[in-house]
Each structure stands twice: as C-alpha cells, then as structure tokens.
Student: 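Let me begin by handing over the structure; questions about it come next.
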There are 2 protein chains.
Amino acid sequence: MSLAQLEYFVAVAEEAHVGRAAQRLHIAQPPLSRQIRRLEDELGAPLFERTPRGMRLLPEGEVFLAHARAILRAVGDAQRAVRARHGV
Amino acid sequence: MSLAQLEYFVAVAEEAHVGRAAQRLHIAQPPLSRQIRRLEDELGAPLFERTPRGMRLLPEGEVFLAHARAILRAVGDAQRAVRARHGV
DNA sequence: GGCGCTTCATACCCAATCGGTATTGGATCG
DNA sequence: CGATCCAATACCGATTGGGTATGAAGCGCC
C-alpha cells in the first residue's frame, strides 16, 4: 500500500468514477484502475462495486475511506510539524 | 514521501545506526542512506545529526518520529479494519 | 602523527514499478 | 440490435528502488 494509492482511492470514492478521478489526479484512466485494483488485492477485499455507471463504494470501502482520509491528514500534519519547527 | 520511507526512518531512529537498521529491514545500507536523505530533502529539514558513531536524532527528528509512528499505526489500523469487516 | 577501524555517502548497474497509449469486454439505453 | 459509456487488459518507455563496489571522514590506538 502506498500513499499515492490512498490519494487515488479517495479521489475515486469521491467521484464514483475512475475517469473523472483520473482527470482530477492528472493521470490516465488505466493506471488509476490498476492501482485501485491492486489496493483491493492487497487488502484482500473489494472496496467498490463496478457498475455500468461507475464505481459505488461497498461497506468495506466506506470503512476504509475514513481510515485513508485520516492517514493522509496525518501525513500533512507530519510535514507541517517538521517544516514549522525547522522554520523556527 | 512514502510509507517505506517512514518505516525506514523509524528503524534508523530506533537503532541510531544505518547499518543496523538496514539489517533489521533486510535491505542494504546504501539504499537506506539514500531514502533517509531523500526524506530529509523532501521535508526541507535534516532529521539526524551524522556522527562517526552513527545517527543522532535532531529535535526535528524527534517531532517527526512521533508523527511517523502515528501514521504507520493508522495504516495498520486501516488494514485491520477492512480485513476484519471482510472476514465477517 | 600515522595506521586501522567504523561510519555514512557516492557511483554505477540491474530489476521492478509506474504511468501512457491503444484496445478490448461488457452492460445499458435508445 | 447498434451506439455509447464504463472499467479492464496489453503492451511500451521512463522512473524509481535496491544491490555491489568504492570513497571520504572522523575517532581510537599504538
């Protein structure tokens, strides 16, 4: 699992659409699909239901979404903390 | 910044020695040195003081260490949460 | 003071990963 | 039943990551 995958996952969850999420992330659709799939493989559980209209979060996905956001927030906090201290 | 870099950083901080940390992480010393340096570069602040006896955490490093551990703990929590729910 | 040891850093190489383009497969709707 | 809109797959070039060999610098001990 990588931090990029977490950002990708959050984007797809919010857009409910791989193509739109890819645009927002400034990458192409296929690599994004792949990363989402790899994340699911690594977790051993599907996070989305694939529909002809896009991606719908499964309950496991909802659970993971909250954790992913917390992790990304913690990363931002860590960077800010060090930079703030260094600035001093 | 990657999760691997955070694990590497915690190992080096705990061992206060790149060589020992590398052994513990099952990678070679030079790649580990590089990742630590890249992390410092990206954060824009040195985290360790290099001494002839090893690595000593700087105050910025102490601050970052707490954050790094929190992030890694959050990652473990996220994995466990999804797997637990999927197991059900 | 010089030799040797220990430590992290650098140089170079190869393998793995990542993202891009082109295309396919599948479901829905007119 | 054909057009359309999805995500998924195949393949390729570029980037990144780790390994081996080597260097540079500080400390300790004769």
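So that the names make sense, note that chain A is the first sequence line, chain B the second, and so on, each numbered from 1. The model shown is predicted, which means the values in this text are computed figures rather than measured ones.
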Student: May I ask you to decide whether Glu40(A) forms a salt bridge with Arg50(A), counting only side-chain N to carboxylate O separations under 4.0 Å?
Tutor: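 Between Arg50(A) and Glu40(A) there is a salt bridge, with a charged N closer than 4.0 Å to a carboxylate O.
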
Student: Round to the nearest Å and state the distance from Arg56(B) atom CZ to dT6(C) atom C1'.
Tutor: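 Nearest whole value for this atom pair: 16 Å.
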
Student: Tell me which residues in residues 1-19 of chain B lie within less than 4.0 Å of DNA chain D, going by non-hydrogen atoms.
Tutor: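 Per residue number, the list reads Tyr8(B).
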
Student: Looking at dC18(C), I'd like to know if its phosphate oxygens (OP1 or OP2) sit under 4.0 Å from a side-chain N or O belonging to Arg34(A).
Tutor: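 Answer is no, no contact under 4.0 Å.
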
Student: Could you state the CD-C1' distance from Gln23(B) to dC8(C), rounded to the nearest angstrom?
Tutor: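 Those two atoms, CD and C1', are 15 Å apart.
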
Student: Could you identify which residues of residues 38-51 of chain B place a heavy atom less than 4.0 Å from some atom of DNA chain D, listed by residue number, or say none?
Tutor: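 Result for residues 38-51 of chain B: Arg38(B), sorted by number.
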
Student: When you measure from the side chain of His86(A) to the backbone of Gly44(B), do you find a donor-acceptor pair of N or O atoms at a distance under 3.5 Å?
Tutor: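 Judged by distance alone, yes, a pair lies under 3.5 Å.
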
Student: Near Arg56(B) CZ, under 6.0 Å, is it more than 12 heavy atoms from other residues, nucleotides or ligands?
Tutor: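 No - once you tally the heavy atoms of other residues, nucleotides and ligands closer than 6.0 Å, there are 12 at most.
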
Student: Starting from P on dT17(C), measure out to CD on Gln35(A) and report it in whole angstrom.
Tutor: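 In whole Å, dT17(C) P lies 11 Å from Gln35(A) CD.
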
Student: Please check if the side chain of Gln35(A) supplies one atom and the backbone of Gln5(A) the other of a donor-acceptor pair under 3.5 Å.
Tutor: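 Looks like no, no N/O pair under 3.5 Å.
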
Student: Need to verify one output field. Residue with the more 5' nearest nucleotide on DNA chain D, Pro30(A) or Gln29(B)?
Tutor: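 That would be Pro30(A).
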
Student: Hey, does Pro52(B) reach any base, or is it just sugar-phosphate, or nothing, if we go heavy atoms under 4.0 Å?
Tutor: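 Counting heavy atoms under 4.0 Å across all strands, the contact made by Pro52(B) is with sugar-phosphate only.
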
Student: Are more than 12 heavy atoms, taken from residues, nucleotides or ligands other than Arg53(A), located less than 6.0 Å from that residue's CZ atom?
Tutor: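 Open.
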
Student: With a 4.5 Å heavy-atom cut-off, do Leu57(B) and Phe64(B) have their side chains touching?
Tutor: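 No - every pair of side-chain heavy atoms lies 4.5 Å or more apart.
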
Student: At a heavy-atom distance below 4.0 Å, which nucleotide of DNA chain D is the first touched by chain A, and which is the last?
Tutor: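 Range of nucleotides within reach of chain A: dC6(D) to dC11(D).
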
Student: Whole Å only: how far is the CZ atom of Arg53(A) from the C1' atom of dA27(C)?
Tutor: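 Atom-to-atom, Arg53(A) to dA27(C), this comes out as 11 Å.
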
Student: Closest-nucleotide mapping onto DNA chain C: is Pro31(B) or Arg20(B) further toward the 5' terminus? I mean the 5' end.
Tutor: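 Its nearest nucleotide lies further toward 5', so the answer is Arg20(B).
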
Student: Would you say the ring centers of Phe9(B) and Phe48(B) fall short of 6.0 Å from each other?
Tutor: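 Ring centres of Phe48(B) and Phe9(B) closer than 6.0 Å.
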
Student: Between Arg80(A) and Asp77(A), is the closest basic N to carboxylate O distance under 4.0 Å?
Tutor: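 Yes, this pair counts.
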
Student: Quick one: Ile36(B) CD1 to dT7(C) P, roughly how many Å, whole number?
Tutor: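 For the pair Ile36(B) CD1 and dT7(C) P, the rounded distance is 17 Å.
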
Student: To the nearest 0.5 angstrom, please state how far the CZ atom of Arg34(A) sits from the CG atom of Asp41(A).
Tutor: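 These two atoms lie 13.0 Å from each other.
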
Student: Heavy-atom distance under 4.5 Å between the side chains of Ile36(B) and Leu47(B), does that happen here?
Tutor: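 No, too far: nothing below the 4.5 Å cut-off.
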
Student: Got a salt bridge between Arg20(B) and Glu14(B), using NZ or NE/NH1/NH2 to carboxylate O under 4.0 Å?
Tutor: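 No, this pair does not count.
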
